[in-house]
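In what follows, a single structure is set out as structure tokens and then discussed.
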Amino acid sequence: SEELGFFVTRSFEPPPQRMAEVRSGRTKVGCLMCPPKRKRRCPPEWARGELVDVRELAGLTTPWMFGAASASHAAAFQQVRDANGFDSQWGARIAERRHRCYNFTTSCVTSWHAAVWPFESSKLGAAMIAALRGPHARKMAPHLRPADFGRFLAKYARMHTQGRAEEVAKGDPFIAESFHPDEGYWVSRALMFRGRHGDKRRGDHYFHSSFNDLVLSGLVGVHVVELTPVVFGAEPSVYLHVQPLFDPRRIRWFRAHNVRVRKHRVSVTWDADGSRYEIGAGLRVHLDGELAACAPRLAALRVKIGDGHGHGDGVSTATNELDQN
């Protein structure tokens with residue numbers, strides 16, 4: 001949509017079996033529901049195939065995750081830190097708050113009605129990482145900076161550990177389906193407990209987070225790059241890239257120890273002034289126990305770790321230890 005400067009979807013009719021629910025104004029089709037006592041008709045009567053006039057978080061996350069977006073679309077990231085867009089006290093809403101049909105309440109357990117959804121938040125984190133280290137990274141400012149990722153991840157961690165949930169002790173890590181962006185509780189959990197839903201404890205085993213991956217690939221910045229050689233038949237060179245994404249004024253130290261990468265043990269240490277670990281100030285990368293790269297300040301580092309074909313980033317979180325302020 002040129003008017004919104006954002007990827008938006010086209011409207012379509014809900015399936016016939018859902019029409020009665022749609023007419024009553026209580027629907028799970030799409031992100032927007034009909035708020036009570038609202039004079040304007042919601043959802044609007046869009047014609048089939050018409051571009052809708054609402055920004056949805058999925059319209060930002062999916063194109064950047066899969067490389068379909070370009071530098072000309074970078075302005076869309078401004079909505080992530082706009083309180084009238086997706087930003088909230090507890091994370092990123094999945095529909096913009098400014099829209100006339102934004103719904104502040106819901107009685108539907110699984111409605112994508114503009115709450116914070118860990119599934120879409122995980123996609124947002126991955127999209128930010130892709131944008132900040134991809135081919136358009138130098139053109140992302142002022143729309144998106146590493147500090148924006150750090151801010152996003154801090155809110156995401158807070159939601160995991162401080163959000164309210166029925167029969168979950170305060171401070172215990174927990175994740176469910178949808179989270180109230182302003183009031184700080186797990187919406188789906190509350191509704192199922194209130195209605196004595198038969199599956200009310202399903203959030204105990206919910207796993208739509210990818211939090212560990214976002215910490216290692218974003219905050220710590222570990223990823224693997226294969227460079228294809230010019231000579232035909234030669235094996236590609238495999239490099240470990242370390243590019244942490246955060247504001248160094250806010251995070252003074254961390255260490256990710258024994259991250260398994262392509263059969264190597266990788267440790268990444270950040271110590272702003274050198275006082276925490278006493279091995280020197282700045283960023284350090286150890287490969288199999290030996291110092292492989294360092295910088296006196298936050299920077300992008302690269303270490304060759306071998307030749308040969310591989311699959312994906314090859315990063316395992318099974319034996320990691322993370323120490324962070």
Give the table of side-chain donor-acceptor pairs shorter than 3.5 Å for residues 136-146, with sequence neighbours excluded, one pair per line with atom names and distance.
{"residue": "His143", "atom": "ND1", "partner": "Gln78", "partner atom": "NE2", "Å": "2.7"}

Side chain to side chain, Asp53 and His99, heavy atoms closer than 4.5 Å: yes
Give a yes or no on whether the backbone of Leu245 and the side-chain of Arg133 come within a donor-acceptor separation of less than 3.5 Å. no
Minimum heavy-atom separation for Ser217 to Asp213, with atom names? OG-O, 2.5 Å
Could you note down all residue pairs passing side-chain hydrogen bond (donor to acceptor under 3.5 Å, both in side chains) where residues 288-300 supplies at least one of them, sequence neighbours left out? His264-Asp288
Heavy-atom pair of closest approach, residues Asp271 and Trp253: CA-CB, 4.3 Å
Does Ser1 reach the main-chain N or O of Leu4 with its side chain, forming a donor-acceptor pair under 3.5 Å? yes
Hey, what's the ring geometry for Phe152 with Tyr156, parallel, tilted or perpendicular (30° and 60° as the breaks)? parallel
Parallel, tilted or perpendicular: rings of Trp64 and Phe77 (30°, 60°): tilted
Give the minimum heavy-atom separation between Ala115 and Pro181, together with the two atoms involved. CA-CD, 4.0 Å
Of all heavy-atom pairs linking Ser188 and Ala176, the shortest is OG-CB, 3.9 Å
Looking only at heavy atoms, what is the nearest atom pair of Met65 and Ala126, with distance? CG-CB, 4.1 Å
Separation between NE2 (His223) and CD (Gln243), nearest 0.5 Å, reads 6.0 Å
Start with the C-alpha gap between Leu283 and Leu301, add the side-chain angles, then the distance that decides, and say whether side chain to side chain contact (heavy atoms under 4.5 Å, CB included) holds. CA-CA 9 Å; Leu283 183 67; Leu301 301 178; 3.8 Å; yes
Pair Glu226 + Arg262: basic N to acidic O under 4.0 Å: yes
Can you find a heavy atom in the side chain of Leu219 that is under 4.5 Å from one in the side chain of Ile251? yes
Ignoring hydrogens and geometry, is there a side-chain-to-backbone donor-acceptor pair from Arg97 to Asn84 under 3.5 Å? no
Compare all side-chain heavy atoms of Pro118 with those of Phe211 and state whether any distance is below 4.5 angstrom. no
Over 60° means perpendicular and under 30° means parallel, so classify the ring planes of Phe254 and Phe246, tilted if in between. perpendicular
Run the numbers on Leu60 and Gln79 for side chain to side chain contact (heavy atoms under 4.5 Å, CB included), then give the verdict. CA-CA 9 Å; Leu60 171 65; Gln79 300 299 322; 5.9 Å; no
How long is the span from the CG atom in Leu57 to the CD atom in Glu120, to the nearest 0.5 Å? 5.0 Å
So, taking the atom named CD1 in Ile175 and the one named CG in Asp204, what distance separates them when rounded to the nearest 0.5 Å? 12.5 Å
How long is the span from the CE atom in Met159 to the OH atom in Tyr185, to the nearest 0.5 Å? 14.5 Å
Does the side chain to side chain contact (heavy atoms under 4.5 Å, CB included) test come out yes or no for Trp90 and Arg158, once each step is laid out? CA-CA 7 Å; Trp90 289 88; Arg158 180 169 174 253; 3.4 Å; yes
Report whether Phe174 and Val116 are members of the same hydrophobic cluster (ILVMFWY, side-chain heavy atoms less than 4.5 Å apart, transitive linking). yes
Is there a path of hydrophobic side-chain contacts, each under 4.5 Å between heavy atoms of I, L, V, M, F, W or Y residues, that connects Val266 with Leu298? yes
Single hit among His257, Arg276, Arg255, Arg284 for side chain to side chain donor-acceptor pair (under 3.5 Å) with Thr269: Arg255
Is any side-chain heavy atom of Ser267 closer than 4.5 Å to a side-chain heavy atom of Asn258? yes
Would you please classify the geometry between the Trp186 ring and the Phe179 ring as parallel, tilted or perpendicular, with 30° and 60° separating the classes? perpendicular
Pair Glu167 + Arg201: basic N to acidic O under 4.0 Å: yes
Heavy-atom distance under 4.5 Å between the side chains of Ser178 and Trp117, does that happen here? yes
Side chain to side chain contact (heavy atoms under 4.5 Å, CB included) between Val224 and Val261, intermediate numbers included: CA-CA 8 Å; Val224 173; Val261 182; 3.5 Å; yes
If you round to the nearest 0.5 Å, how far is CG of Asp148 from CG of Asp247? 10.0 Å
Quick one: list whatever passes salt bridge (charged side-chain N to carboxylate O under 4.0 Å, His left out) with Asp87, sequence neighbours left out. Arg151, Lys155
For the hydrophobic clusters of this structure (ILVMFWY residues joined by side-chain heavy atoms under 4.5 Å, transitively), does one cluster hold both Val285 and Val259? yes
Is the shortest side-chain heavy-atom distance between His160 and Ser209 below 4.5 Å? yes
Contact between Arg189 and Val168 at the side-chain level, heavy atoms closer than 4.5 Å - yes or no? yes
For the backbone of Gly171 and the side chain of Thr161, can you confirm whether one donor and one acceptor N or O come within less than 3.5 Å of each other? no
Close side-chain approach of Trp270 to Pro248, heavy-atom, < 4.5 Å: yes
Correct closest heavy-atom pair for Phe86 and Glu96 would be CE2-N, 3.7 Å
What's the spacing between Arg10 CZ and Glu50 CD if we round to 0.5 Å? 9.5 Å
